[in-house]
Structure formats: C-alpha cells, structure tokens
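Reviewing the structure listed below.
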2 protein chains.
Amino acid sequence: MRQIPDNYVSEFSLVEKPDLQMANNLLLKSFRRKDFVIIVGNCRCEYSGRASSSLDWGDRITLIKGDGSVQVHRPSGYEPVNWQPPGCMFSIFFEGSSLNIRSNRPKPKEILDIFFRDISFIASGRPVDDAEFNLHVSEEQMRDALVSNPGILEEGLRLIDFERKVEPGFIDFYGKDALGRIVVVELKRASAGKEAVLQLKRYVDEVKKTNRVTVRGILVAPRLKSGAQSMLVSLGMEFKKLTPEKCAEVLHKNKMTKISEFFESD
Amino acid sequence: MRQIPDNYVSEFSLVEKPDLQMANNLLLKSFRRKDFVIIVGNCRCEYSGRASSSLDWGDRITLIKGDGSVQVHRPSGYEPVNWQPPGCMFSIFFEGSSLNIRSNRPKPKEILDIFFRDISFIASGRPVDDAEFNLHVSEEQMRDALVSNPGILEEGLRLIDFERKVEPGFIDFYGKDALGRIVVVELKRASAGKEAVLQLKRYVDEVKKTNRVTVRGILVAPRLKSGAQSMLVSLGMEFKKLTPEKCAEVLHKNKMTKISEFFESD
DNA sequence: TGCTAAATCTCGAAC
DNA sequence: GTTCGAGGTTTAGCA
C-alpha cells in the first residue's frame, strides 16, 4: 500500500467551459462517488419546503459536498442564497435548454432545483481533512473557571452544585455566600439581556419555592444589554461582571497549579 | 460600449497547482481587484476575536468574496469551519514555508489567519448577479393575511392592532372576538413549540396586567409540536390552525378584490 | 428520534 | 451606531 505523504493534497479534476451534456456526465459520476463538487456558472434556483423561494438567472458559485449538502453562493454576502443541509439525494436532468440539478431532502421534505444554462468550470475531488477543530473560550469554559474558583465573583462564595437541574432548566452555578445565603448564578458568555434576567428569575423563584429561604440571584456576564440592569434591580437581583479574559487567566492558573502539584507529588 | 449578452458568464481564471510564490502574486492581484476567489488546498486556520479557535492541517475549500467575507469549508457540513463576515481587509505574506492569508475585521476586532502549504487550484473572477431573491411565504405574509381578513381564524374576530409593542416584544395580532373579549394572537409560520406557548403567555399576562379583563391567547400556526398542546391547555390558551396555503389564498383574493375595485372605480 | 439551548450565529430593521 | 428579534436559522447535547 502506498504511503500518503503528510502534505498530500487530494487532486481536484477541473473542467473548463463544459457544455451541458458533458457537465451532466461529469456530475452524474461525481454524485455517485460522493465527491466534493464546485460549479461556477449561470443558474437560476427554485426552492420549496419549509418555505419556498425563487431566484432568477445570475452567476453563482455552487458547492456540493459528499455528505449531501448544497450551497449556492452569490457574489457577495456571507450566507448562501439557497442551500440544503447534509443528507440530500441528487438527481440531474435536462429541463428545456438548461441542466437541472435537483437536491432532495426527505425529512422535512424539501427540494432545491438549480438550473444551469452556462457553466464556467466544474471542479470535483475528495478532500482529506481529519483535523480536530478547537474552539477555545466557550460558556462551558467560563463556567469551569467559576466553578473551580468561585472567589473570582465574590469573597467567601462557595460552590454547592453546578449545572443543577430545576424545572425551567439548569442553574449554571448554585452555591452559598459568606453569610450562608443561597446563591443562584446565571452565566452568559456575551452581553446578558432581559431574557437572561427572566431566566435567572425563574431559577430563583423555583429555588425559593422549594427551600423557603433567602435566595440571591446573580447574573454573571461580560456586560449587560440596555434595560437589563433596571429589570434586574427591580426584581431584586444583582449583576457581576466576568470576562472571557478573566476566565482564561483563572483556567491558566489552575493548569499551572495542577502541574506544580504533579511535580510536588512526584 | 459593448453589449453584454443575456447569458453572459463572467470568466473565471483558473490556475492549477500554483507554487506559493505564484499564489501570493495571484491573490494580491485578486484582493486589489476585489475579485471572487476560490482556493482549494491544504491549510490550517487560526481565529481570534469574539472567541478563538485553531484548526490543524487539512484539505479545504476557501471562498473569498468581493465584499470582504471569507469562509473555509471542510469536506462535509453545511457551515464553514472558519469564516469572517463581509467587511474584512486582506493581507498576505509568507510565514515559514506556508502562505498566510490574513483577514482583518475592524469592529468587532477579529482576525482569521489561513496558512496554505499546498494549493490544488485558485479560481478568481467577477460573477455578475443582479437577480432579485424572492421568499414566497413568510411569517409577515401570514400576518398580512390574518390582519386583512381576521375571519379566517374565527367568525366575528376583529383587528384592533398588529405588531403591537408590549414589554416582552411584539404581539402579532391584537383584536376582539364576537363577544368583545380581547384576543392576543401569536403567529408561527411553521410548527409552534413550547417556546411559542410561553411567548404567547407572556403577552397575555402583560395585556391582563394593564387591562384587567379577560384575555384570550390564541397560538396560530400550521401545526403544533408535541407537548405544546397540553402546555397550551394547562395555561388556559388555545390553538388554531392556519397554513401558508390558506394565507396565500387569502392574499390572492385580496389582490383580486383590489384589482376589481380598481376597475369599478374607473 | 425529538427537543432544548447556544452560536465567532447572520441579517435586517427600528430606535 | 446600537439594539432587538427573526431565520428555510444550523448545530450540538441529551432524554
């Protein structure tokens, strides 16, 4: 078996200005092989399913992936103008003087028809990509930081439980403060708005209902959206600022501590 | 001035297997011209901004649009693994033995670095697409149908206001029924779930609070998600079915009526 | 499989 | 410019 070199790039076959008959043959083969296909050309689109849409002729870039997803990109805009999520079946046939690529999504039932009348080029291949994607600062990591070091919020704060199930959902951080009062924390990675305030309120009410004691509700986030502050105050709750940067710092310190512990115990 | 034919397709330049120096030159030119660029090759990515991420080497398809948006696509999945929204500035330089395309988003400050070590091909061009995109059945159109003809929901229902601002948000339809009771309608274009029930509940509560009268809450959608029905009933509210097809029919009739009125008044 | 909550959500409109 | 809500949202995590 031939060794694949570390920087091997799966070749893409390129066909420039194919006529529609050739395009039909190329695409049939690619669909059967579940190749990654790029089609640049002049097309129109019809979509029908959860909603329905139509788009007249224009030059677009179409990506069809081996997992059965499709996206039609216009010259500008981040989002595709038409698309299908993974899991589609493809068929292809002539419709008048244009070539119709139909992608069929079974559930929910959705169909996207792309009609090509002119194709600039078709590229197809099987890209190889086994790398792991790593997102560094998530809400979960912010919670980890808080759980591992509640003191960053307030002197004397102690953890009782996290991701604690109560009826409306999960309490990010459940603990007691220096005076022994129950503390319920709702954590947001970005600006916290009124919906976060209401969510926290529901948790606090639920905890009060079952415990019948004083419960502090603290909304923790990098900042508040406008209106959230007054709402929070009027509902008798608090806001405390916590930034991703601070969390990263705490998590870094934890790691360092663990490493030094490892050496001490060795 | 030369006439552009109706099915004119702006040509894409294709360069297969360019070395990194040639790729650098090609891309520099394309960035200056704000071309649409497609790069297929082996790359790694580093992103830093609202969050941060890293992705090791793999074969990927990169789209760079004239509006300054970027997306790096893996062999599978609908969404790009890394991206930048429109409005970025690009720079390109060598980093060790790889070619680094840096996209810089000013506000919020975000940087995406894509490092190429091998490029299968680069395609660039200026696609022309002036077509209007048309989404046929939107929630707004369903509301228009309901507002223009409240009778489709219930005999004797009258409109008082729509898109009415109350604190949690906007009430889709606000009216009175045949018995003079206030009716609050929450409209969903697709299946309505528990979150829609809760949304309606908040609006009803808000209206009750300010008006201190009987308020009917009606959830209007093509169908309910499982669990929503019992939740709705237990909160003392109702469901009424309304399909996009019915709305389309009503809107069509309205248009016909307007046209005939036009002829009568002529 | 169905539901819930988050997202580097994006996008557009209203304030 | 900011905020807010909708989306053919998509996607990931669970029951």
Side-chain angles (χ1 to χ4, degrees), chain A residues 45-55 69-72 76-87 103 105 107-112 133-140 142-143 163 165 168-170 172 186-191 193-196 199 223-228 244, chain B residues 45-55 67 69-72 76-88 103 105 107-112 133-140 142-143 163 165 167-170 172 187-191 193-196 198-199 225-228 231 244:
Chain A
C45 304
E46 297 282 346
Y47 156 77
S48 172
R50 283 167 292 178
S52 59
S53 71
S54 60
L55 176 66
S69 63
V70 195
Q71 41 199 296
V72 180
S76 64
Y78 163 76
E79 294 188 330
V81 62
N82 277 112
W83 74 92
Q84 290 274 43
S103 56
R105 186 191 190 190
K107 211 172 141 230
K109 181 68 179 168
E110 293 187 296
I111 290 172
L112 173 60
F133 177 73
N134 217 325
L135 192 91
H136 299 128
V137 181
S138 62
E139 184 169 320
E140 185 182 295
M142 286 187 71
R143 176 174 54 66
E163 286 291 302
K165 178 80 181 148
F170 290 89
D172 289 318
E186 173 61 24
L187 191 63
K188 291 290 164 197
R189 198 175 52 76
S191 289
K194 291 172 183 174
E195 76 295 340
Q199 200 175 344
R223 61 198 172 281
L224 284 179
K225 286 182 185 167
S226 78
Chain B
C45 305
E46 296 283 344
Y47 156 77
S48 172
R50 285 168 291 178
S52 58
S53 71
S54 60
L55 175 67
D67 63 357
S69 62
V70 195
Q71 42 199 295
V72 180
S76 64
Y78 163 75
E79 292 190 330
V81 61
N82 279 111
W83 74 92
Q84 289 274 45
C88 292
S103 57
R105 188 192 189 190
K107 210 169 151 246
K109 183 68 181 164
E110 293 186 296
I111 290 171
L112 173 61
F133 177 73
N134 215 326
L135 193 88
H136 298 128
V137 182
S138 63
E139 187 167 314
E140 187 182 321
M142 286 187 73
R143 174 173 56 67
E163 287 289 305
K165 179 78 183 151
E167 215 356 51
F170 291 90
D172 291 318
L187 190 64
K188 289 292 164 194
R189 195 188 41 202
S191 289
K194 291 174 184 173
E195 75 295 339
L198 289 173
Q199 198 174 346
K225 286 182 185 168
S226 77
M231 191 175 187

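Naming convention: chains lettered A, B, ... in sequence-line order (proteins, then strands); numbering from 1 in each chain.
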Task: Toward the 5' end of DNA chain D, by each residue's nearest nucleotide, A:Leu224 or A:Ala51 - done: A:Leu224
Task: Residue met sooner reading DNA chain D from 5', once B:Phe170 and B:Gly77 are mapped to nucleotides - done: B:Phe170
Task: B:Lys107 side-chain proximity, nearest of D:dG1, D:dG8, D:dA6 - done: D:dG1
Task: From C:dT10, D:dT9, D:dT11, nucleotide with atom closest to B:Trp83 side chain - done: C:dT10
TODO: Considering non-hydrogen atoms only, spot the tightest contact between B:Leu112 and B:Tyr47 and give its length.
DONE: CD1-CB, 4.0 Å
Please state how far atom [atom1] in [X] lies from atom [atom2] in [N], giving the value in whole angstrom units.
{"X": "A:Glu79", "N": "D:dG7", "atom1": "CD", "atom2": "C1'", "answer": "8 Å"}
{"X": "B:Asn82", "N": "D:dT11", "atom1": "CG", "atom2": "C1'", "answer": "16 Å"}
{"X": "B:Leu55", "N": "C:dT8", "atom1": "CG", "atom2": "C1'", "answer": "14 Å"}
{"X": "B:Lys165", "N": "C:dA14", "atom1": "NZ", "atom2": "P", "answer": "13 Å"}
{"X": "A:Glu186", "N": "C:dA5", "atom1": "CD", "atom2": "P", "answer": "11 Å"}
{"X": "B:Leu135", "N": "C:dC11", "atom1": "CG", "atom2": "P", "answer": "15 Å"}
{"X": "B:Arg189", "N": "D:dA6", "atom1": "CZ", "atom2": "P", "answer": "12 Å"}
{"X": "A:Gln71", "N": "D:dG8", "atom1": "CD", "atom2": "C1'", "answer": "14 Å"}

[atom1]-[atom2] distance between [X] and [Y], expressed to the nearest 0.5 angstrom:
{"X": "B:Arg50", "Y": "B:Arg105", "atom1": "CZ", "atom2": "CZ", "value": "5.0 Å"}
{"X": "B:Gln71", "Y": "B:Ser103", "atom1": "CD", "atom2": "OG", "value": "11.5 Å"}
{"X": "B:Leu55", "Y": "A:Leu135", "atom1": "CG", "atom2": "CG", "value": "11.5 Å"}

Can you see if the side chain of [X] gets near the phosphate of [N] - specifically, an N or O under 4.0 Å from OP1 or OP2?
{"X": "A:Arg223", "N": "D:dT2", "result": "no"}
{"X": "A:Arg50", "N": "D:dT9", "result": "yes"}
{"X": "B:Lys225", "N": "C:dC3", "result": "no"}

Open item on the list: Counting the atoms with a prime plus P, OP1 and OP2 as sugar-phosphate, which does A:Lys188 contact under 4.0 Å by heavy atoms, base, sugar-phosphate, or nothing?
Closed with: sugar-phosphate
TODO: Under 4.0 Å between any heavy atoms, over every strand shown, what does A:Glu110 touch: base, sugar-phosphate, or nothing? Just pick one.
DONE: base
Task: Donor-acceptor contact below 3.5 Å, side chain B:Asp67 vs main chain A:Ser76 - done: no
TODO: Please confirm whether the backbone N or O of A:Leu187 pairs with a side-chain atom of A:Asp172, one donor and one acceptor, at under 3.5 Å?
DONE: yes
Task: Earlier contact from the 5' end, DNA chain C, for A:Leu187 and B:Arg105 - done: A:Leu187
- [ ] For B:Glu195 and for A:Phe133, locate the closest nucleotide of DNA chain C by heavy-atom distance; then report the residue assigned to the nucleotide nearer the 5' terminus.
- [x] B:Glu195
Task: Inter-nucleotide P distance (D:dG8, C:dA5), Å rounded - done: 22 Å
Open item on the list: Can you check the distance between D:dC14 and C:dT8, where both ends of the measurement are the C1' atom (answer in whole Å)?
Closed with: 24 Å
Task: Aromatic-base stack, A:Tyr78 on C:dT10, cutoff 5.5 Å, angle under 30 - done: no
